[in-house]
Amino acid sequence: MRRSFRALGQSLIATGLTAVLMIGLSPGISQSHPDISEAEDAVAHAIAASPNDPALYLRRATLQRSRKDWDAAAASYIKAADLGADRDVTDVALASVLLDAGLHETALMHADIAIARSPNSGKASLVRARIHARSDRRAQAASDYTHAVKVLEHPEPGVVLEAMQAQLEVSVQDAVELEDAVEHEDDAVTAGNEMLSDGDSPVDVAEQNIRSALAVADTAMAKLGIVPTIQSRAVELETQRGRHDGAVARIDTMLEQAPRHEIWIAERGDALMAGGKKTEAMNAYTKALALVNERPASKRSPKLAALAIELENKLSDQHNNNAGDNLNENQ
Amino acid sequence: MRISKITRLGTIAAVTVIMSALTVASASAQTITRGPYLQMPGPDRMTVIFHTDLALTSAEVDYGTTVALGTITPGTSSADLMGGFKHVVELSSLTDFTKYFYAVGDSGTPLTIAGADYAFTTSPLPGTRQPIRIWTFGDSGYWPGNNGTEYMDSRQAYYDHVGGGDVNVAADATDVMMYLGDNAYGTGNDPTYQSVFFSPPELAAFLRRQPFLSAIGNHEGAALDSVTETGDYFGMFNFPTGNELGTNGVASGSESYYSFDYGNIHFIVLDTEDNIENITTTGAAMKTWLEDDLIATTADWIIAAWHRPPYSKGIFHDSDAEANEIAAREEFVPILEDYGVDLVISGHSHTYERTPLIDDHIGLSTTLEPFHILDGGNGNPLVDGSYRKASLQQAPHEGAVFIVTGAAADTRAFSPSSGHPVMNKKLVFVGTSVIEVDGDVLVGKYVNDVGTVMDTFQIDKGISAACPAAPLGTCTAAGKAKFIVKSSGDPAKDQTQWKWTKVTLDASDLDPTSGTDLIACAWDDTGHIYDVVPPNPENLGYAQFPTTPPPSWAWTSKKAGQHGYKDKVGSVDGLIKVKTKAGVGKGKMQFKSKGANTVPPALPLTGVLTAQLINLDSGACWGSTLTEKKNDGSSYIAAGP
Ligand SMILES: [Fe+2]
């Protein structure tokens, strides 16, 4: 259930503070960060000298977060907000700290406030996406992840993979529930996967989810350039949906960066084979094997050594099959 | 510009950047409040960043290969966090490995004076083999208000070491500068960086001459958001996410972890903060990228850098106890070793700790076994011999050296005081590390804050240090041979002697003064039992090693085709004499070790003895199988054929 912003506004800071301080979540001050405690001492001195400087409380909160003292960090963010710190900063930070602390609903309130004020805050959308994901609101999570990747200036590859995964986890039921919820809200929420509808078969759902995930990947790579960690995942999804040409095209973009990457060349062979292009696939396997063999056996990593065996098997299987085909043809 | 120690101490407290002698008062009276500093150094590019208190009409950089400058590139400006403005000027289409002079300015009005104080050199093209000097250290942060004396002394000691004390000469002598994180303390935020990193004049003087790269430290980690790549650290600095700096790796898509090439070195920088803490989720991308990057690279050398040390027993940072350090060791080290990493550099512990040549030590310090140590010597070619890796380019598990160099500004003790058992060198002296690579030789040094070189090691690549497991099959037969071992239990009387006569040897076959590396090996029925490697004066790194006191050994060549080695004290494996003489059927080879440094094989020997002398560079060998004359617990004599 989504709360209205008006109700949220009333419960604003005080609710967050009370919830956090009363539950007492932090593991206590860790003794393993002496340099962090030195930094905290320095901030404490600065606060004693300038008790109304919100920047000092933000710095203190950052240090408290770095040693996972969530309730102390939350209190510092609230104090900073009280002293006039940028609410875009403090609300997102609070949402994030509360999420880390496991207080998902309170975290959501702060994330909603932040997004209402700054709809194009990628950080706020990302935090809310994670809150939804951990609260099993998969469609909302997918939607927020998609938006986050769209508006973040530099979406980190790890975040992009997380956002892609979120698209794949949306079920028809999730999407329908979200639509119902949206009908009762004034603010329009777009599902991450806009294509899903009630009558979709599991196959349709899988295909539509993959399309959403690939859209997330491509949105990110339009900003970042081709990032192999993202593109590799996209290749897997193209393969999964049976778009083998798409997989090959994506692998080719990676090979532009590393023309001798044996594993990608072998994967290119797999995609060609799956797409029925046997001869081209064999050429790719042969090329990959030749490149591995350029490295003397002693210079191969375990992964490349395993690849060489796999490629030899694939090539000899195919050779045997061809021989069998020829035999059949001759009979 | 050399700044005297007294002057330095006096000026550190001041946080204003401007040194009036070095800047030009412009008509509009803008003051440079930060920089200029240099980022994103590539073979064809450089980014110049500077801040001013007032807005500029059009920020620009005028640059050229002489102080006359001549090419103007405009930049972009934005508000900074100090109430002023940040200007970023990206220079492109530069020539590789070329020195450029520059001036920052505003619409044709220079704000700095062109000259030796404002210059940089672009990188060579990837793969170029040329001498490369890397300056690296971690934890150079010091507290604002503390004047950072130790750190300033560490830096001056480096300037003295490479540049006769002159900051500009030192910058010209530096190819790669790599900060290892915790470059400023507190939350590593913009104001702290301003006061302890950008403002002190002695630091600013180097920053405008030498670009740098950095790994994220835990203090920086506190002021940045990895998942959105925002925060002060990313605002101040630019790092490559793809192949901007020239690389034969692949794009990481992240400024938190990345790779680049400088000459024949492939550098990999990893994040041991957010990304290692989330290695199974968002951090997994870093691990996937690391292996793809390593598969792609074909560089001669692989050097990895990150903040948290995989091996350390610093009093506050124990690699057996801290999750990030353990994760760095378990997640990164096996992949890096699978692809032949040569050197791993980190900071965090305020110590200097350096391993010998090791491999596959992934567990806690208590799990260290002798087989993890591939060469337990000190890596000094004049003492224990350099570390040797058989393959020039990447090859798995031939060993790597790991350095903790986090004492740029401060030292802390070890806990336990004996430190980490894998370390060959453990120091609590403030200082910085200098890595020099020339072709297939790498020399690492630790220079303390008064300029003393406290550690030196060398890695030679493309040279197998080891005897093969079995005798080589295609050796030139030695005409007549003798092999003697004496091992009576009194180390002072230990002796090994090998002698071949009537051998066919070419003058060039065994010429150590031309860089030839030799190894003498022996096997019995149990396998390889003994070897001796005479030191080679022509290894390129030799000049880097302290020559006072000079080595006790020397090679001489009194006649054409003859080479002799003498060391009265037998400092290297007890070797006191080597003789080689060329001739067709009349050549000679002799190796004699004597005294406590000798490491004789365990007696008695088992079965037939084969002795061979191998030229490690050409693979040529000479040898024979010998017949046993005496073989008891204290002496062995064999002759052949
Ligand atoms: Fe640190």
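The sequence lines fix the lettering, A, B, ..., with proteins before strands; numbering per chain opens at 1. Note that the structure is predicted; figures quoted are calculated from it, not measured.
Residue-level contacts of residues 220-230 of chain A with chain B, in order of numbering, are A:Leu224, A:Ile226, A:Val227, A:Pro228, A:Thr229; threshold 4.5 Å between heavy atoms. Using a 4.5 Å heavy-atom cut-off against chain B, the contacting residues of residues 300-307 of chain A are A:Arg300, A:Ser301, A:Pro302, A:Lys303, A:Leu304. Heavy-atom proximity under 4.5 angstrom to chain A picks out B:Ala285, B:Thr288, B:Trp289, B:Glu291, B:Asp292, B:Ile295 from residues 283-295 of chain B.
Interface summary for chain A: among B:Gly141, B:Ala395, B:Pro396, B:Ser256, the most heavy-atom pairs under 4.5 angstrom belong to B:Pro396. Across B:Ala251, B:Ala321, B:Gly340, B:Gly242, the residue that shares the most heavy-atom pairs under 4.5 angstrom with chain A is B:Ala251. The candidate with the highest count of non-hydrogen atom pairs below 4.5 Å against chain A, out of B:Ala296, B:Ser254, B:Gly249, is B:Ser254.
Looking at B:Ser252, the atoms closer than 4.5 Å to chain A (heavy atoms on both sides) all sit in the backbone: N, CA, C or O. If you measure heavy-atom distances from A:Arg65 to chain B, you find no contacts under 4.5 Å at all. Only the side chain of B:Asp225 comes within contact range of chain A, with heavy atoms under 4.5 Å apart. At a 4.5 Å heavy-atom cutoff, the contact between B:Ser226 and chain A is made by backbone atoms alone. For A:Arg130, the part sitting under 4.5 Å from any heavy atom of chain B is the side chain, from C-beta outward, and nothing else. Contact annotation for B:Glu337: neither backbone nor side-chain heavy atoms come within less than 4.5 Å of a heavy atom of chain A.
Atom NE2 of B:His219 sits about 13.0 Å away from atom OG1 of A:Thr62, to the nearest 0.5 Å. One finds the CZ atom of A:Arg67 at 13.5 Å from the CG atom of B:Asn218 (value rounded to the nearest 0.5 Å). The CZ atom of A:Arg59 lies 4.5 Å from the CG atom of B:Asn189; values are rounded to the nearest 0.5 Å. Between the CD atom of A:Gln165 and the OG1 atom of B:Thr281 there is a distance of 12.0 Å, given to the nearest 0.5 Å. Summarising the geometry, atom CD belonging to B:Glu229 is positioned 12.5 Å from atom NZ belonging to A:Lys123; distances are rounded to the nearest 0.5 Å.
The ring-ring contact (aromatic ring centres under 6.0 Å, His included) check on A:Tyr285 picks up nothing, with sequence neighbours excluded.
Counting all heavy atoms, side chain and backbone alike, A:Glu156 lies closest to B:Asn275 at OE1-ND2, 4.4 Å. Shown here for A:Arg295 and B:Gln394, the closest heavy-atom pair between the two residues is NH1-OE1, 3.1 Å.
By the 4.5 Å heavy-atom criterion applied to side chains, A:His154 and B:Thr230 are not counted as neighbours.
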